[in-house]
Structures are given as structure tokens and as C-alpha cells.
Amino acid sequence: TFNLILGATVVILPKFEAEPCQQVLSDERITSTALVPTMVRRLCDLSDDVRRRYGTPELKMVVSSAAPLPPEVGRRFMDLYGPCLWNTYGASELGLVTLASPEDLRNHPGTVGRALPGNDIHLVGEDGNDVPEGGVGELYVGNETDEALASPCQLFRNEGRGTFTERGVAAGVTNDRFAKCVVAGD
């Protein structure tokens, strides 16, 4: 949507296939795109010959969302395409909740990043209290977009689990039910 507002050229492929995508990224000099982690992995899995055939894209920002980004996939993508990969975490009910920069992904593999302004995230232990740094707990998120969440104490349970590291970085957020249903295609 922002690209349209700013007057940028938008290229839409009829379906995702890694090699045609690589060609379009290079031929059309694409600078930003959004991909689910499966697409990121498939671009990484292209042979060196295919990548050489089409050249290196001019990517400045690739946003990964909608499923957990495996740390090794994020690292490999940035090794191949440069420090342009950003990872997000959100919920349909709340929108975008966290954002991880390329630097965050290098320093904290598997991170979904820090809470964006206006979002409240908590990892809650089995005892119902926030877990300390390094602790594992259930992920609860909230923000002003959800009218049911009138106070920071009323948070939406997002059925994810994760660990908080230093500086509020949420690492390794997973959703086992989601992973079994969707990511099995990887």
C-alpha cells in the first residue's frame, strides 16, 4: 500500500516460483518486497548458476512475515542478498506487533524483534507472572487497535511461546499448532 501511495512501480507475479521471482527481482530492479519464510527459503535454495544467470537484485528491504522465520534461513538469505531482511510478528486482531532489523537478526538469530510503539508484549510463565530475561513463556500481546484490551493488564493470548533476551528482544517465538499446520510444507 505504501508503495502505491508513494508512486512506486508495483510488480505482482501470478504465483510464486523461486527462479522467475529471482529473474523479476533482478530485471525489474526491485528494491523492496514482502515474502513469507517459505519463499525466503526457496530463494536461498536456488543454485549459484541460477543466481548468476539473473544477477544480484538491488534489494534494500525484504519483509518476512506470516510464519516463523528459521534462524538459518534468515542468516543464509542475508549472506546471499545482503543485509536487507526484516522480520515481523503480528496478529490478525492487532496488526504488526514487533519488528526485527537485519542487525537484530544477525545478533539474535530467530528474533521477531522489539515491540513497535503502541504495542504491549509479555511472556507469561505457568505461574501467571511475566518471565525474567532468558525465561520461556506464553506470548501475550495488546495495543490500542483492540477495543477489548482497555488496559495493559488485559492482553490477547496469541498461542505463541518465546524467550525475552536483553533490550526487550523477543527470540524464538513459536506457535506449535501453527508450525504443524502451515510450515510443514518447507
Side-chain angles (χ1 to χ4, degrees), residues 1-92 94-119 121 141 143 145 160 167-175 178-179 181-186:
T1 306
F2 291 115
N3 287 332
L4 290 173
I5 293 169
L6 296 172
T9 300
V10 176
V11 178
I12 300 173
L13 299 175
K15 70 177 186 174
F16 180 85
E17 292 181 36
E19 185 171 342
C21 181
Q22 175 77 21
Q23 181 178 5
V24 168
L25 289 171
S26 295
D27 290 354
E28 299 294 332
R29 299 174 52 200
I30 305 293
T31 56
S32 64
T33 190
L35 303 170
V36 299
T38 298
M39 295 171 173
V40 174
R41 179 188 305 269
R42 289 182 182 163
L43 285 170
C44 289
D45 289 343
L46 288 172
S47 70
D48 291 339
D49 289 340
V50 169
R51 269 193 288 286
R52 274 194 299 275
R53 183 178 316 134
Y54 301 115
T56 304
E58 298 178 20
L59 294 167
K60 304 223 180 319
M61 177 180 243
V62 175
V63 177
S64 177
S65 62
L69 177 67
E72 69 280 359
V73 173
R75 192 172 29 256
R76 189 163 168 227
F77 186 88
M78 289 191 293
D79 288 347
L80 293 167
Y81 294 93
C84 60
L85 186 62
W86 295 71
N87 194 23
T88 65
Y89 183 80
S92 300
L94 302 169
L96 197 56
V97 176
T98 67
L99 180 65
S101 70
E103 182 180 356
D104 292 332
L105 292 171
R106 285 277 189 209
N107 294 333
H108 306 280
T111 187
V112 293
R114 295 173 186 84
L116 292 168
N119 288 286
I121 61 174
V141 297
N143 63 30
T145 64
R167 299 178 313 158
V169 177
V173 173
T174 62
N175 179 325
F178 180 82
C181 293
V182 179
V183 185
D186 279 344

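Just so it is clear, the values below take in all heavy atoms, side chains as well, and ignore hydrogens, waters and symmetry mates. The first residue of the sequence shown is numbered 1, and numbering continues consecutively from there.
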**Item:** Test: R76 and D79 ion pair at under 4.0 Å
**Value:** no

**Fill in**
When rounded to the nearest 0.5 Å, the distance separating CG of L105 from OG1 of T111 is 7.0 Å

**Prompt:** When Y89 is tested against each of L99, T98, L96 for side chain to side chain contact (heavy atoms under 4.5 Å, CB included), which residue passes?
**Reply:** T98

**Fill in**
Minimal heavy-atom distance between L85 and G74, with the atoms involved, is CD2-CA, 3.6 Å

**Request:** Please name the pair of heavy atoms, one in L35 and one in T33, separated by the smallest distance, quoted to 0.1 Å.
**Result:** CG-CG2, 4.1 Å

**Prompt:** Run the side chain to side chain contact (heavy atoms under 4.5 Å, CB included) check on M61 and V63 step by step: do they pass?
**Reply:** CA-CA 6 Å; M61 177 180 243; V63 177; 3.9 Å; yes

**Partners passing side-chain hydrogen bond (donor to acceptor under 3.5 Å, both in side chains) against Q23 (at least two apart in sequence or in another chain)** = D27

Give the table of side-chain donor-acceptor pairs shorter than 3.5 Å for residues 4-21, with sequence neighbours excluded, one pair per line with atom names and distance.
from : atom 1 : to  : atom 2 : distance (Å)
K15  : NZ     : E17 : OE2    : 3.1
E19  : OE2    : R53 : NH1    : 2.8
E19  : OE2    : Y54 : OH     : 2.7

**Item:** Side chain proximity check, P83 to R106, heavy atoms < 4.5 angstrom
**Value:** no

**Message:** Restricting to non-hydrogen atoms, name the atom on S65 and the atom on P37 that form the minimum distance, rounded to 0.1 Å.
**Reply:** O-CD, 3.4 Å

**Asked** Are W86 and S64 side-chain neighbours, meaning at least one heavy-atom pair lies under 4.5 Å?
**Response** no

**Asked** With the threshold set at 4.0 Å, does a side-chain nitrogen-carboxylate oxygen contact exist between R42 and D45?
**Response** no

**Request:** For G55 and Q22, work out which heavy atoms get closest and say how close.
**Result:** O-NE2, 3.3 Å

**Asked** Within a strict 4.5 Å, meaning less than it, do heavy atoms of the L69 and F77 side chains meet?
**Response** no

**Item:** Side-chain (T88) to main-chain (V112) donor-acceptor, under 3.5 angstrom
**Value:** no

**Item:** 4.5 Å side-chain heavy-atom contact, S32 and K60
**Value:** no

**Message:** Looking at every non-hydrogen atom in both residues, tell me the closest pair between R51 and C44 and how far apart they are.
**Reply:** NH1-O, 3.7 Å

